[in-house]
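Computed from a predicted structure; not experimentally measured. Residues: numbered from 1 along the sequence shown.
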Amino acid sequence: MARIIGGIGTSHVPTIGVAYDKGRQEDPVWAPLFEGYKPVAGWLAEKKPDVLVFFYNDHATTLFFDLYPTFALGIGERFPVADEGAGLRGLPDIRGNVDFQAHIGESLVNDEFDMAFFQNKPIDHGIASPLPLLWPHDPDWPGTVVPIAINVLQYPLPTAKRCYRLGQAVRRAIESYPEDLSVVVVGTGGLSHQIHGERTGFNNTDWDMEFLERFRDDPEALTELRHADYVRLGGAESVEQIMWLAMRGALGPAIEEVHRNYYLMTTTAMTVVAYEERGASAALHAATAQHEAA
């Protein structure tokens with residue numbers, strides 16, 4: 001059967017994609033961010049997952065406020081990368097596995113999640129900004145993606161607990177798929193940031209660190225927080241952290257954080273964190289050590 005081999009939490013700041021496309025990986029301002037992804041990319045290259053399941057949000061690129069679903073799953077063999085105003089990116093279309101996506105969709109509906117579904121729609125920076133930092137793409141991506149969009153833009157939003165339960169249901173769906181696939185679940189967004197209003201530019205590193213500790217050790221406590229709590233602690237846009245909780249729900253109860261990079265140089269606290277279920281983390285530890293030695 002299919003199985004989950006790990007999880008990744010990552011910011012999805014659009015300027016990451018712009019900096020990547022402009023070749024600014026060695027720029028002193030950007031290098032600490034790009035360096036932080038290399039151990040995770042090395043671990044993915046070692047583990048060779050067949051699929052990345054992304055919990056992300058669309059930024060009114062494909063989904064619009066006249067009909068913005070709470071949860072939407074993409075089904076298709078290919079998804080174009082959206083042009084968000086900086087021009088078409090030099091990335092191939094994101095690959096999909098229709099049979100696996102359809103299985104997850106049917107399983108979620110039978111698990112009483114009222115899903116929306118989309119096909120042939122562009123994917124914006126919610127996935128496309130971190131993806132080339134995690135996977136190579138020349139001439140094509142090494143595996144497929146299951147895009148699961150979560151509404152964190154237009155209130156009422158799903159609760160943190162509902163997102164966590166969604167992740168648990170996705171795990172059940174994955175483990176009921178009969179084909180032998182290895183899967184990594186990815187939660188995107190955050191951490192602390194606010195990009196509008198009186199608190200524009202707000203960050204809270206203390207809360208970011210607390211969130212990451214509780215996320216690893218006591219995620220159920222985070223599911224009890226209201227949207228207003230996330231906004232108060234981390235800024236209006238940090239409510240995106242509920243998408244990380246969907247990823248956390250798809251992992252087992254006991255996980256180990258095997259890599260963390262936190263970099264605050266713009267309005268968003270940019271982060272990449274990798275997890276494995278306890279006792280299965282030797283490969284990423286080795287990748288991290290090898291990178292640091294180099």
Side-chain angles (χ1 to χ4, degrees), residues 1-10 40-41 43-56 69-79 92-121 123 127 131 134-137 140-150 158 162-188 219 243-256 258 274-284:
M1 66 180 183
R3 65 204 181 280
I4 294 173
I5 62 171
I8 298 169
T10 174
V40 185
W43 174 74
L44 289 172
E46 173 73 21
K47 287 298 213 180
K48 294 182 172 58
D50 302 292
V51 185
L52 301 182
V53 174
F54 269 85
F55 299 99
Y56 77 107
T70 301
F71 299 124
L73 189 152
I75 299 179
E77 294 182 353
R78 292 275 177 174
F79 300 92
D93 290 351
I94 296 169
R95 294 173 53 205
N97 178 333
V98 171
D99 288 342
F100 188 51
Q101 294 160 339
H103 169 83
I104 291 175
E106 183 174 8
S107 180
L108 290 175
V109 170
N110 288 330
D111 221 347
E112 300 186 342
F113 280 86
D114 298 320
M115 304 296 297
F117 299 93
F118 63 88
Q119 295 177 294
N120 305 317
K121 296 292 187 180
I123 299 291
I127 292 177
L131 186 58
L134 300 171
W135 261 354
H137 59 271
D140 206 351
W141 307 104
T144 62
V145 165
V146 178
I148 302 178
I150 297 176
R162 188 62 172 162
C163 291
Y164 187 73
R165 300 292 181 247
L166 173 68
Q168 292 175 319
V170 167
R171 184 185 184 103
R172 291 191 289 271
I174 290 169
E175 292 182 341
S176 66
Y177 190 66
E179 187 178 340
D180 184 20
L181 296 177
S182 61
V183 180
V184 170
V185 288
V186 185
T188 77
M243 297 186 293
W244 283 51
L245 286 171
M247 176 268 285
R248 182 66 182 88
L251 297 175
I255 63 170
E256 182 176 0
V258 290
Y275 305 94
E276 287 191 356
E277 295 184 0
R278 195 155 292 164
S281 60
L284 186 46

task = Would you please test Val109 and Phe117 for side-chain contact (heavy atoms from CB on, under 4.5 Å) and show each step?
result = CA-CA 11 Å; Val109 170; Phe117 299 93; 4.1 Å; yes

Atom pair [atom1] ([X]) and [atom2] ([Y]), whose distance is rounded to the nearest 0.5 Å:
X	Y	atom1	atom2	value
Asp93	Asp140	CG	CG	8.5 Å
Leu166	Met243	CG	CE	12.0 Å
Arg162	Leu245	CZ	CG	14.0 Å

Is there side-chain contact between [X] and [Y], with at least one heavy-atom pair below 4.5 Å?
X	Y	value
Tyr164	Arg248	yes
Trp43	Val258	no
Tyr56	Val145	no
Val170	Val146	no
Phe54	Leu131	yes
Thr144	Ile94	no
Pro158	Ile150	yes
Phe100	Ile75	no

If I compare all heavy atoms of [X] with all of [Y], which pair ends up nearest, and what's the gap?
X	Y	value
Ile5	Pro49	CD1-CB, 4.1 Å
Asp99	Tyr177	CB-OH, 3.6 Å
Ala169	Phe113	CB-CE1, 3.6 Å
Leu134	Leu44	O-CD1, 3.5 Å

ask   = Is there a donor-acceptor contact under 3.5 Å linking the side chains of Arg171 and Gln168?
value = no

request  = Return each pair, listed once, that meets side-chain hydrogen bond (donor to acceptor under 3.5 Å, both in side chains) where at least one residue sits in residues 103-116; pairs must be two or more places apart or across chains.
outcome  =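 Listed by first then second residue: His103-Ser176, Asp111-Arg172.
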
Taking [Y]'s backbone N and O only, do any of them form a donor-acceptor pair with [X]'s side chain (distance below 3.5 Å, no angle check)?
X	Y	result
Lys121	Phe118	no
Glu277	Ile255	no
Gln101	Gly76	yes

task = Tell me, please, which residues at least two apart from Trp141 pass ring-ring contact (aromatic ring centres under 6.0 Å, His included).
result =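 Only His137 meet the ring-ring contact (aromatic ring centres under 6.0 Å, His included) criterion with Trp141.
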
Run the side-chain donor-acceptor check on residues 180-188: report pairs under 3.5 Å with partners two or more places apart or on a different chain.
unit_1 : atom_1 : unit_2 : atom_2 : d
Asp180 : OD1    : Arg3   : NH1    : 2.6
Ser182 : OG     : Asp50  : N      : 3.3
Ser182 : OG     : Asp50  : OD2    : 3.3
Thr188 : OG1    : His12  : ND1    : 2.9
Thr188 : OG1    : Phe55  : O      : 3.3
Thr188 : OG1    : Gly126 : O      : 3.3

Phe79 six-ring face occupied by Arg95 cation (under 6.0 Å, within 45°) = no

task = List the steps and the verdict of side-chain contact (heavy atoms from CB on, under 4.5 Å) for Tyr275 and Ile8.
result = CA-CA 6 Å; Tyr275 305 94; Ile8 298 169; over 6 Å; no

